[in-house]
Amino acid sequence: MTFELTRRAALQAILAGTATLATMHAFPAFAQQKGGTLTVGLTYEIDTMNVYSTGFLGDAQAAVVEGLLAPDQHAKYVPVLATEVPTIENGGIVVAADGKTMTVTYKLRPGVKWHDGKPFTSADVKYTWEAVKDPAFKAESKDGSAEVASIETPDDLTVVVHYNSILPTFASTLFTFGIFPKHLLEGTDLNTSSYNETPVGTGPFKVTEFVRGQYVVTERFDDYWAKSEKGDALPYLDKIIFKMIPDTNTLITQLKSGEVNLVVSTPYSQAKQVEGISGIEMVKGPLLSWQHLDFNFKRPSLADINVRKAIAAAIDRAVLSKAQGGFPEPIKSPVVPVFEFYDPNTPEIAYNVAAANKILDEAGYAPGSDGVREKNGERLSYAFMVQAGRADDELAQQVIIAQLKAIGIEAVANNQTGVAYREARYKGGYDLIYGRWITSADPVYSVFWGTGGANNGQSYSNPALDAALSKFETTLDPAARKQAAAEFQKILAEDLPSIPLTTNVALIAKTAALKNFVPNPTNMTNFVHTAEWYMG
């Protein structure tokens, strides 16, 4: 059985903004009951349970650690540890008279406890900012920390955040990803702390066991703050176990055997066989995600715009989509069409093998005796990386290798698993890399291509792009943001540090016994609202 959340539904919710508060607990009326263990199959090896350090999506982390806000199933921010989403309308956001800075005030939820029983307070929020911005802490991303000038905590349940700029994406950074427990971490080294394996959070589940490369066991937190609409103590489930199974064939085998009963990233190529598994439902929903091919600018030939343009012209997105069951859809911009600031007029390089060969010919890249082009002693032969074990990515890689061969470019698979892939991606340990990014409901694109961006392992820098991204990320004016978005999309399309290829949908295989599950399209993952899940 397949269920689908339409893009239109997600778009309507995003356009609604954050002014109207919503609950994350709007589920059908089932006879909820406590108990049961859910076993989740992850397609990657968790590098750390610290939400600010991980190079992967924080699936297991989201069930354990909470932020002040979180995106719901419609990609709209709702309150979690805060009692409301700050807006200009409710006085939570105040813009300075000069229009250059802003203040955001959070009202915190009373009665929240950490997993060790200590009270959650405003001091924890302030400490989180101090810890994340600390240069000694090696975070995967420090987004939003540098823009905070100071924080006041007038009482245990009030946090006043003074920003040194206008930051329209404040809800998608820093305090949304998670809060650190000050009483446990202050004065410790966050890079080596045991917190990175067994974090103490305020979420519905607490970590009881972490075996690196194998699994994480989380168990119900009996003093969790939230109640159901009926007044039931949450969460319902006894345990959620996260098994790390990078090989997708093994993952599907365990889904068939019942060793795993939830897979949130089902390979497109295996969707049909999964739908045939007794007791398994396929949930299909939108994702704020796209697949891309990136270039390492340390290679002289890849720093040549002619080579990048030729590669763009050589790739047939329609073939990539067809090879993956038709699920991913061809795109021309990293701003996926579900967003209102997507620009349909973004230029694109059409698939044209003859044009690609002409570009390389005119740029002086001549075919060698083996058919591989070269210039000034550099052969157009590249180490091409995807995450090993991901069936969809490995299939797409083979398609792209064949398409590049048609224009005299050799791409050699050099795939890595888990942490090795993450390290290569962030440090530029590749020539070409294919993968996916998934964003928040308010994306911060400068992390990908801004000079020195946290996810910019390509060594790419473009001052004009930096300026356009800055405009987009430092104004609350929707019209100005849309204009800046069109500008940076045009620059990316013309300079091609990355080729956006396809956008994705979520194919989630779950046991039919799991109730109240609703897919989340954002980078906060499907596990950001696990409290009301139950086995029925």
Counting C-beta onward and ignoring hydrogens, is there a side-chain heavy-atom pair between [X] and [Y] closer than 4.5 Å?
| X | Y | answer |
| --- | --- | --- |
| Ile179 | Glu66 | no |
| Tyr236 | Ser228 | yes |
| Leu68 | Val80 | no |
| Leu262 | Ile508 | yes |
| Leu174 | Lys133 | no |
| Val505 | Pro328 | no |
| His162 | Thr101 | no |
| Leu255 | Val274 | yes |

Just by distance, do the side chain of [X] and the backbone of [Y] share a donor-acceptor pair under 3.5 Å?
| X | Y | result |
| --- | --- | --- |
| Thr503 | Glu329 | no |
| Asp343 | Ala485 | no |
| Thr439 | Pro443 | no |
| Asp223 | Lys113 | no |
| Asp124 | Pro181 | no |
| Asp47 | Gly55 | yes |
| Asn196 | Leu190 | yes |
| Thr522 | Ser440 | no |
| Asn526 | Asn520 | yes |
| Arg109 | Leu81 | no |

Looking only at heavy atoms, which two atoms of [X] and [Y] are closest? And how far apart?
| X | Y | result |
| --- | --- | --- |
| Ala171 | Leu69 | CB-CD1, 4.0 Å |
| Thr530 | Pro204 | OG1-CG, 3.5 Å |
| Ala509 | Met282 | N-SD, 4.1 Å |
| Gly144 | Tyr163 | O-CE2, 4.3 Å |
| Ala512 | Lys515 | O-NZ, 3.1 Å |
| Asp477 | Ala479 | OD1-N, 3.1 Å |

Glu340 vs Lys482, salt bridge (charged side-chain N to carboxylate O under 4.0 Å, His left out): CA-CA, chis, key distance, verdict: CA-CA 8 Å; Glu340 62 179 337; Lys482 192 163 187 175; 6.0 Å; no

Audit row: Arg390, Thr43, side chain to side chain donor-acceptor pair (under 3.5 Å) steps and yes/no: CA-CA 7 Å; Arg390 280 184 174 267; Thr43 57; 3.3 Å; yes

Worked check of side chain to side chain contact (heavy atoms under 4.5 Å, CB included) between Tyr534 and Leu38: CA-CA 9 Å; Tyr534 73 97; Leu38 179 71; over 6 Å; no

Gln61 vs Thr54, side chain to side chain contact (heavy atoms under 4.5 Å, CB included): CA-CA, chis, key distance, verdict: CA-CA 10 Å; Gln61 294 90 330; Thr54 182; 3.9 Å; yes

Derivation of the ring pair (Phe, Tyr, Trp, His ring centres under 6.0 Å) call for Tyr421 and Tyr44: CA-CA 10 Å; Tyr421 173 81; Tyr44 59 90; over 10 Å; no

Inter-residue atom distance Thr158.OG1 - Lys107.NZ, 0.5 Å rounding: 8.0 Å

Separation between CD of Glu281 and CZ of Phe517, rounded to the nearest 0.5 Å: 10.5 Å

For the ring pair [X] and [Y], is the centre-to-centre distance below 6.0 Å?
| X | Y | value |
| --- | --- | --- |
| Phe175 | Phe170 | no |
| Tyr460 | Trp449 | no |
| Phe448 | Trp290 | yes |
| Phe205 | Tyr224 | no |

Any pair counted as side-chain hydrogen bond (donor to acceptor under 3.5 Å, both in side chains), so long as it reaches residues 204-213, sequence neighbours left out: Glu197-Arg212, Glu209-Tyr215

Neighbour count above 12 (heavy atom, 6.0 Å) for [X] [atom1]:
| X | atom1 | value |
| --- | --- | --- |
| Gln483 | CD | no |
| Lys239 | NZ | no |
| Lys243 | NZ | yes |

Working for ring pair (Phe, Tyr, Trp, His ring centres under 6.0 Å), residues Phe527 and Phe242: CA-CA 11 Å; Phe527 299 91; Phe242 296 87; 5.2 Å; yes

Residues Asp156, Ser122; criterion side chain to side chain donor-acceptor pair (under 3.5 Å); working and verdict: CA-CA 5 Å; Asp156 283 351; Ser122 57; 4.6 Å; no

Criterion side chain to side chain contact (heavy atoms under 4.5 Å, CB included) on Tyr106 and Val161, from CA distance to verdict: CA-CA 8 Å; Tyr106 292 97; Val161 185; 4.1 Å; yes

Step-by-step side chain to side chain donor-acceptor pair (under 3.5 Å) determination, Gln32 to Trp533: CA-CA 9 Å; Gln32 289 94 341; Trp533 295 1; over 6 Å; no

Residues Glu140, Ser53; criterion side chain to side chain donor-acceptor pair (under 3.5 Å); working and verdict: CA-CA 5 Å; Glu140 182 274 334; Ser53 301; over 6 Å; no

Member of Val336, Thr525, Leu57 meeting the side chain to side chain contact (heavy atoms under 4.5 Å, CB included) criterion with Ile438: Leu57

Derivation of the side chain to side chain contact (heavy atoms under 4.5 Å, CB included) call for Arg436 and Asn504: CA-CA 9 Å; Arg436 75 172 63 189; Asn504 302 297; 4.2 Å; yes

Parallel, tilted or perpendicular, as decided by the 30° and 60° cut-offs, for the rings of Phe472 and Tyr445: tilted

